[in-house]
There are 2 protein chains.
Amino acid sequence: MTASTGTRHDGDSIHRALREDILSGASRSGEAMREVTLAERFGVSRTPVRQALGRLEQERLLERGARGLFVKRVDAREVVQVYDIRIMLEAECASQAALSRDSSDIARLQGLLERDQSLTDPSDRERTVNNLEFHSAIGVAAHNPVLTDLLQRLSSHLIHTPRSTLSVGNRWAEALQEHASILAAISDRDGIRASSLARRHMERAREIRLDLIRAEFSQPS
Amino acid sequence: MTASTGTRHDGDSIHRALREDILSGASRSGEAMREVTLAERFGVSRTPVRQALGRLEQERLLERGARGLFVKRVDAREVVQVYDIRIMLEAECASQAALSRDSSDIARLQGLLERDQSLTDPSDRERTVNNLEFHSAIGVAAHNPVLTDLLQRLSSHLIHTPRSTLSVGNRWAEALQEHASILAAISDRDGIRASSLARRHMERAREIRLDLIRAEFSQPS
DNA sequence: CACGCATTTAGTGGATACACTAAAGCCGAT
DNA sequence: ATCGGCTTTAGTGTATCCACTAAATGCGTG
């Protein structure tokens, strides 16, 4: 459960907080999001909560059920659909990043990568957040707000699945290697290579995600 | 100006109405969207208007300026970015439609196409709407809500440019031909062909759009 | 005449009160 | 015990009021 007391909350911060709750799994799939309950929890009126919920609904993190809004349930089919699109867009994004990057973009990516490499046994949450940050930084390097925006949206579609793919076996180390090679390609301004590396990186993530889903179905919670 | 009196308006209908205003060009680029003004126009309080404006902001049809929300100004760079992504996604969408379509999808597309072919000298608005409907029907045929949703969002990013590309020269007739061939490929379950036809269709649209933009810059309003 | 400062004001953000709707509980009849 | 209809109630949708902020405006001064 995310903090409630101590900080003053406005619509925007509530949006972020709830988003964080959903993505981190603190709010379980299918759970109801009631305006009054949340308003009490954040110590505000229903108005800003409503604004936040509206946004989350448009981001497809919530769905409207019989009685108000609920945390969206993910189904395997949709997860695959999201990954398929993400594969295309991440590849395109990496390509554009290779062509449009400036030196500060490279520095930022380098910094993130080194930080990740220096972590010893990071938590699942940490891995997820850092991974998101790296991909987001590639988005920045592409200097294409439209594409970046779309990817951001798609990423959050997935993350509220039970566990990230980055805690499976040695996937985290593997992913960092892949990040390193993508970064190298971007740094070399080699759009083709960046694109195909990014594509393979995401395809790999999709495979692992599918394994996770299959495992979840045979051994339900 | 879209209707104000006569019909009762709730948040949702206001959202649609304003959206329509923006996409049709009734609300000019850069124009202010004031809560009180709109509330008066629709004969409701500020509350539902605020909800509608919030949604439109998230759809990137409005942007937050110094003094509230304004109809977003399109810049050439962004238009190209949107088209580039649309090209990819429409191609993928056509491909998936070819693989996933059922007979009712084909019937629907056929119906829309024949309707469009039977029109004599349709208005610019009519062309835009009908074109959107056809593309949207391809989305339905793909049976991929994630992809369809994304495309829907992207389409509306563009349409509030001054004029559609479908009123340039004989582009409308040309577009219908292209629609016909895409439909044929989808009907044949030929994903590869559908994809490349859709890609070319959108690339053509992008070229024309670029011409329009260049023309607009040399002869501003 | 231009510049800086105080004042006004246009406009949004949040709180609260009221209206409406439909699901859930309840009770009696068969 | 079960079904039909009534009542309750949980929950959202809208209206209105107050609070706050920052752009515009006007006024005095150099």
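By convention in this document, chain letters (A, B, ...) are assigned in the order of the sequence lines, proteins followed by strands, and residues within each chain are numbered from 1. Quick caveat, the model's predicted, so the values are computed rather than measured.
In this structure, the CZ atom of A/R64 is 16 Å from the P atom of C/dT21, given to the nearest Å. As a whole-Å value, the separation of B/E35 CD from D/dC17 C1' is 14 Å. Here the P atom of nucleotide C/dG13 and the NE2 atom of A/H15 are 15 Å apart, to the nearest Å. A/R46 has its CZ atom 8 Å from the P atom of D/dG13, to the nearest Å. Spacing between atom CD of B/Q51 and atom P of D/dA15 amounts to 11 Å, rounded to whole angstrom units. At whole-Å resolution of the value, CG in B/L69 and P in C/dA10 are 19 Å apart. Rounded to whole Å, the distance from CG on A/D10 to C1' on D/dT21 is 14 Å. In this structure, B/L62 places its CG atom 11 Å from P of C/dT12, rounding to the nearest Å.
Judged by distance alone, with hydrogens and angles left aside, A/R50 brings no side-chain donor or acceptor close enough to the base of C/dG14 to form a pair under 3.5 Å. For C/dA10, the base has no donor-acceptor partner in the side chain of B/R34 [N/O atoms by modelled type, under 3.5 angstrom].
Taking CD1 of A/I14 as the reference point, atom CZ of A/R55 lies at 10.5 Å (rounded to 0.5 Å).
Each of B/M33 and A/S45 was matched to the nucleotide of DNA chain C holding its nearest heavy atom; the match closer to the 5' end belongs to B/M33. When each of B/D12 and B/R67 is assigned the nucleotide of DNA chain D with its nearest heavy atom, B/D12 is the one assigned upstream, toward the 5' end. The nearest heavy atom of DNA chain C to A/P48 and to B/V36 marks one nucleotide each, and the one closer to the 5' end goes with B/V36.
Residue A/V71 is tested with A/L61, A/L56, A/L62 for a side chain to side chain contact (heavy atoms under 4.5 Å, CB included); the sole match is A/L62.
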TODO: Kindly indicate, with the supporting measurements, whether the criterion side-chain hydrogen bond (donor to acceptor under 3.5 Å, both in side chains) is fulfilled by A/N131 and A/T128.
DONE: CA-CA 5 Å; A/N131 180 57; A/T128 304; over 6 Å; no
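Salt bridge annotation for B/D21-B/R41: present, with a cationic side-chain nitrogen under 4.0 angstrom from a carboxylate oxygen.
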